[in-house]
Structure formats: C-alpha cells, structure tokens
Number of protein chains: 2
Amino acid sequence: MKKKRNTTIKDLARRLDISVSTVSRALRDAPDVNYETKQQVLALAEQLNYKRNMLATSLVSKRTYNIGVIVPELSVPFFGYAISGIQQTLYEYGYKMLIGHTSEQFKLEQDSVQMMIDNQVDGIIISVSKDTEDYQHLHQAKEEDIPVVMFDRVIPELQQVFSNVIVDDKDGAFNATAHLIEHGYKRIAHISGPKNLYISQKRIEGYKEALEMYNIGFQSEYLIHCNLRVDAATATEQLLRLPEPPDAIFAINDPVAFEILHYLNELGVKVPEEIGVVGYTGDPMGRLFNPSLTSIRQPSAMMGSKAAELLIKEINHKHNPATKNLPFEHSTIILPTELITGRSSVKKRL
Amino acid sequence: MKKKRNTTIKDLARRLDISVSTVSRALRDAPDVNYETKQQVLALAEQLNYKRNMLATSLVSKRTYNIGVIVPELSVPFFGYAISGIQQTLYEYGYKMLIGHTSEQFKLEQDSVQMMIDNQVDGIIISVSKDTEDYQHLHQAKEEDIPVVMFDRVIPELQQVFSNVIVDDKDGAFNATAHLIEHGYKRIAHISGPKNLYISQKRIEGYKEALEMYNIGFQSEYLIHCNLRVDAATATEQLLRLPEPPDAIFAINDPVAFEILHYLNELGVKVPEEIGVVGYTGDPMGRLFNPSLTSIRQPSAMMGSKAAELLIKEINHKHNPATKNLPFEHSTIILPTELITGRSSVKKRL
DNA sequence: TTGTAGGCGTTATCAG
DNA sequence: CTGATAACGCCTACAA
C-alpha cells in the first residue's frame, strides 16, 4: 500500500560511486564495460531489486515492445485460438499484446488502429471486420512506419504492402465440396459469408471449381451469402424452400455450420442422410455435435504464431542498422488446411 | 514509409511564440489559461496534427492508462465474452487493455502479473488459474500500489484486499440442482471442477443444499472432481459404472456439460429421458446442442464490464487528492444468474 | 495568465 | 573503459 519509489539507475550509480552511463551500459550488457564493474552493478541491481523503467526506455528508443492485435470478435473460438498463438510467440520475443476488438464494426476498427498508433505500438496484427472496404486506416499505420500483418481476413490489394498469414481457402473449399460429392451428394449448396470478405470469395472459387471438376453445373440459387452466424438459419430455410432443395451444404465457417446443424435438427431433417453438412474452421467443438461436424481445419493458433513471427521479423528489419534502409520483402504465408471427417457428411453405408 | 517526426508541444510553442508550459496547459485544458491562447493552441495543434506522446506523459504522471487482464483461457467463450465486456468499458474510460493468458498454468500466471507490474499497468483484472494456491504475486501487485480486481475465479481470503465480481455460485448451483429434482430426477450427480477453485466449492455447496432441501441424501460417489473439460468424459464414465448410476448430472460448467452430452450420446444414453444434464455458464452455444443444454447463465460480458468499472473506481480513488489517503473500500459485486431451460433436463410428458 | 527551470528514468554522443 | 551532458516529450512548482 505504501508508495515506495522504485530504484533507478541513478540510485545504483550513487551507491557505487560511478556514473549513470556506466550503470546503464552494464545493465544492458553493452560491449564496452569492464567486467568487474558490470558484475558490481548487476549485483547491486539484484540486491536493490532494480527494475528498468520501460517508459523511459521507450521514450528515448521509440520502441514500446507493444503489439496491437485487432480482431472482429473475441468470443469466436477461432480468434481465441489465434490470439493464444499470437500471445505465446510475442511473449517469447519479449513483446506485449494490446487488444482491440471491433465487433465487426468498421468504425471501431478505425478507432482501434488509431488508438494503437497513438499508443506507439511497434506493430499491428489484424483480421479485418466484415465491413472493411476502406483501407485508409491501414495505410496510415504504414505512413507512421508501423508494420502491419494481416491474418485470415486479409485484403488482397494490400498483399504487397503488408505481410499476410492465411490458409489456402480456395483449396480448402475445393476439398470440402469434393468431399461431399465423393460421398454421394449431388446438389451441393454453399452458404457463404459477407461478399466483400476475401475469404468468402476464395471459398466460393474453390466450391465452384470442385463442382466443375466433377461436372456438376453451378446453380446460382445454391449459393447464398449470409451475415455470418446471425442469419445462417434463414439462409438454410431459403435453401430448403427451393423447388429442388440441395442435399448438402458447405458452410463458410463452423459457427454458421453449427447453426445449420441445429436448424435442420429442429426441423427434423436428418443429417447426414437427407442433407450433408461441412463446415470450415475446425473448431474442436464440432466434434461434440450430433452428428459431429465435418470441417476444414485451419491451424488457428499456428496462424497467430506465424503472424507474430512475420511481424517481429519486419520490426527487427527496420531497427537493424544494416537493413533498415532496404525495403522489407513482405511475404504471404499460406498454411495448409486439413479435412476433418465427422459424421455430418458421411451417410451410413447402404 | 518515411519517418517524419511527430509534432511536439515545443513545435507548437515555437510557432506561436509562447512557452511550452502554456501549450501544455492549453492542451489539457487546465483552468489557468487565457481562452484565446487556448483556442490558438488548439487550432494549431489540430492543423499540425499534434498527438500527445503518451510515453512522455506517463513517464511523469506515472499513469499509463494500461490495464492488465489475465485469464486462464482465451479460447473458452466465457472468457471471450468477459474480455469483450472489459474492453468495452475500459475503452469508454480511455484505458487500453494488455492481455495475458495463463493456459491454466500457475507459473505463467505469476509471469503475467510480473510482466504487468514491470510494465506499470494502472490496474489488473484477473481470473486465476486452476492451480493458483499461492497469492504472493497478487500481494506484490498490492505492494506496488496497483489495484487488482478479481472476477469469476476469485479467492475468498483476498476478498477484503481486492474488489471482486462474481455470481452467486451457491445460489446458481442450488437452482440447477433443484431444477433437476423438480423435473423428476432422483439421483443427482455433480461433476465438479478442481477442488481448490472457490467456484467449485460454492457450487458444491449449492448442490448439497438443494439435495438437503428436498430430502435427498448426499452420496459421496455422486460427487466427482474433474480437471475441467479434459476428463469430463472419464468422470461421466465413472458415474455410469456405479452400481446405481445417477439419473441426472449437474456439471461445473458448460464446456464440461458439452463433453458429457457428447459422451452420453456416443454411448446411446438418452438425454433427457435416461439422464438429465444441466450446465453452468450459459454459453449461447448450448442452445445449438441436441438436446439443447439447460444451464445457469452467468452474465459474462457484464461481469467483465463491472470488473472494469470497479477497477477504474479504485484507480480514480488513489489519484484523487481528496481521497488518495483514505483507504479504498473494496466491494464484491454479486451478479444474478438465470436458469436457461433447454431440453437436456426436461423429460417429455408421459 | 504566462514563463523559467527542473525533473521523470533512460539512452546516446562525445570527450577524456 | 568511463563520465559529463544533452536529449526523449511532457508536466509542474515557482516566479514573474
């Protein structure tokens, strides 16, 4: 409860009767300090429980070791896992994590980015909201010389400007669709997400490519965009009302797939017998559903971890005297997905 | 990409030919500044896109407006919602959120707290890990004069030292158990969590109290502790092996309940006909299960929000010259729970 | 109301 | 290898 002042390098200097610069050097083991002096400093620092004041250090070095992480939702497991991955890697490298969540609102995303900039984070990791169509805020971070890494929900136009971590969405969607076809489903529908999300587009591409590959004509009424989980049920209903309803649904992600499974169950529609369902995400929760959900697994924690690594790489690049004036080569890491076979897409043998 | 220096109060002072102190005063509208001077400063600041450097401010004021939030898991929806609530409230008050997650490991919890302290956060909001039995790290925060607020997973011994936000766990558990009894179940088991978690204890109390109230004898073999979701299935199996297996299970939380539902389903045990199940948390996901899960709903986002409010209140208290020397009255906010009736505990009428 | 000067804790530059 | 000294950007007595 008492407000005892923390010991500073001045205190150490005074007690050892040396200058603060020497103490400072010793403390961050600079090359040019006498070994014994350093030992003394270190010993006293230990004894007096000295703790470097990051604020002061940051003030002069212009590095905060703070990383801003911005996601559209905090309660969606995918992002929870991704953030865990980010946090773990950042932690290993001595960085801290500042969180901003946007609730899928573009305005809050802008605010978050601005807040991060104002706060002088060393970098930003972001997965954009579903309404993000203007990239001014991201460009501003760039102008402030703050590296940005995007993951999962990336923006293709910015691929050369920022590093990215994604999965091969087209490929994953292809596999999901092909899996349904190979398991005997003929009329495959796809409940997609918001149109402007790149992941929606890529997954649609994969879906269409699979249909084509198997010589199944694409039917536009089988492709529905929905506002993620909130109206997944409505979308499903719409599909069932079709003159010729689909016999399988590939969902943009697991939250949507869960809603679909639930809705079909309410209606008494049998899954997988009458309708097959495949999701995308690979939320471990899918295993617990009845029937368990077939899904395309995205390595969420790994995605976060890779994003953090890319970011730190870029930060180091711009602080390394040898490379700081060279342009940084932005890369896009594409992680593999994996088909997790559940029972929602596998009819029992005849 | 170019590293243009940000404008500082010195720049403003120079351009207006006044002193930095005046600028400083104008910028944070101190009482003693001439109105017109202030307007000029503000205008120029706007024009030059001046942004206060928080690091410098923090260095002198000793306030960072950073709040550390430490949770055992990031991928558990309950904490996701709670963090959303925390974040939203902190944001309203101009605070930022630093996140630490412990993966339920005590060591990481200690590290997190230490990191927060080193980083001079203005306060800490924490829900402890299941292995936390030593409170030294929390006391240390106290010694550094950093307010701490605990939520959900609190520590009763520290109730007078910190503020807390919880639900009435005993009451909730009572209601869950009573609900099962009133729906015709006779042999109610309880799969509890780690023994040293206070919430486990309180929920057990509520469970026992309900049994007593309805004159049902407590049977120790019906009470099993499990390591949260990882061995919920094992615990269930153990119950089913009993000479006289229970006909209902009250689970410590929803993740465990989900595992139970899944496990029973795998075995072909009918829920709710053969066994009734009730969870605790009120995860919206429970609605999607088949059968939907009856659960005790905790207002997760609200808990987070309240925790943030309590914390900010305490921070303000210690910075307000009028109150800073008075002891702060720690309070424990107890939020109400609500029984969400699903189908997992309601047998169809005979 | 405004300015001066000193300080917050650390790092960096440049002599010695 | 070590020590002054000047930043970093802002705040705050104390004077004027």
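The chains referred to below are lettered A, B, ... by the order of the sequence lines, with proteins before strands, and numbering in each begins at 1.
For Q105(A), the CD atom sits in a packed shell: over 12 heavy atoms of surrounding residues, nucleotides or ligands are nearer than 6.0 Å. The environment of Q88(A) atom CD is sparse: at most 12 non-hydrogen atoms of other residues, nucleotides or ligands sit within 6.0 angstrom. Sparse packing is recorded around CD of E36(A), with 12 or fewer heavy atoms of other residues, nucleotides or ligands lying under 6.0 Å away.
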>> Could you go through H101(A) and Y91(B), starting from their C-alpha distance and side-chain angles, then the distance that decides it, and tell me whether this counts as ring pair (Phe, Tyr, Trp, His ring centres under 6.0 Å)?
In response: CA-CA 10 Å; H101(A) 82 136; Y91(B) 179 79; 9.4 Å; no
>> Could you go through T64(A) and S58(A), starting from their C-alpha distance and side-chain angles, then the distance that decides it, and tell me whether this counts as side-chain hydrogen bond (donor to acceptor under 3.5 Å, both in side chains)?
In response: CA-CA 5 Å; T64(A) 59; S58(A) 296; 5.7 Å; no
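Note: CD1 (I9(A)) to C1' (dT11(C)) measures 8 Å, nearest angstrom. For L55(B) and dG9(C), the CG to P distance is 15 Å, given to the nearest whole Å. At whole-Å resolution of the value, OH in Y35(B) and C1' in dT2(C) are 19 Å apart.
Residue N34(A) is in sugar-phosphate contact alone, with no base atom involved, counting any heavy-atom pair closer than 4.0 Å across all strands shown. Among the protein residues, D32(B) comes within range of the nucleic acid bases, having at least one heavy atom under 4.0 Å from a base atom.
In this view, R63(A) and Y95(A) satisfy the side chain to side chain donor-acceptor pair (under 3.5 Å) rule, not counting sequence neighbours. With sequence neighbours excluded, no residue forms a side chain to side chain donor-acceptor pair (under 3.5 Å) with D29(A).
Using a 4.0 Å cutoff on non-hydrogen atoms, no part of residues 114-124 of chain A comes near DNA chain C. Non-hydrogen atoms lying under 4.0 Å from DNA chain D are contributed by I18(A), S19(A), S21(A), T22(A), R25(A), all within residues 16-29 of chain A.
A nucleotide of DNA chain D counts as in contact with chain A when one of its atoms lies under 4.0 Å from a heavy atom; the first and last such, 5' to 3', are dC1(D) to dG9(D).
Taking the C1' atoms of five terminal pairs at each end of the helix from dT1(C)-dA16(D) to dG16(C)-dC1(D), the two resulting helix axes are inclined by 40°, rounded to 10°.
In this structure, T37(B) reaches the dT2(C) phosphate: one of its side-chain N or O atoms is under 4.0 Å from OP1 or OP2. Close to dG9(C), at under 4.0 Å from its OP1 or OP2, lies a side-chain N or O of K62(B).
The aromatic rings of H317(B) and F328(B) sit perpendicular to each other, their planes meeting at more than 60°, with 30° as the lower class boundary. Note on ring orientation: taking the six-membered ring where Trp is involved, the planes of H330(B) and F162(B) are perpendicular (angle over 60°, cut-offs 30° and 60°).
Using a 4.5 Å heavy-atom cutoff, the side chains of L16(A) and T22(A) are not in contact. Side-chain contact check for K51(A) versus E144(B): every heavy-atom pair is 4.5 Å or farther apart.
The CG atom of N119(A) lies 9.5 Å from the CG atom of N53(B); values are rounded to the nearest 0.5 Å. Rounding to the nearest 0.5 Å gives a distance of 6.5 Å between OG1 of T132(A) and CD1 of I126(A).
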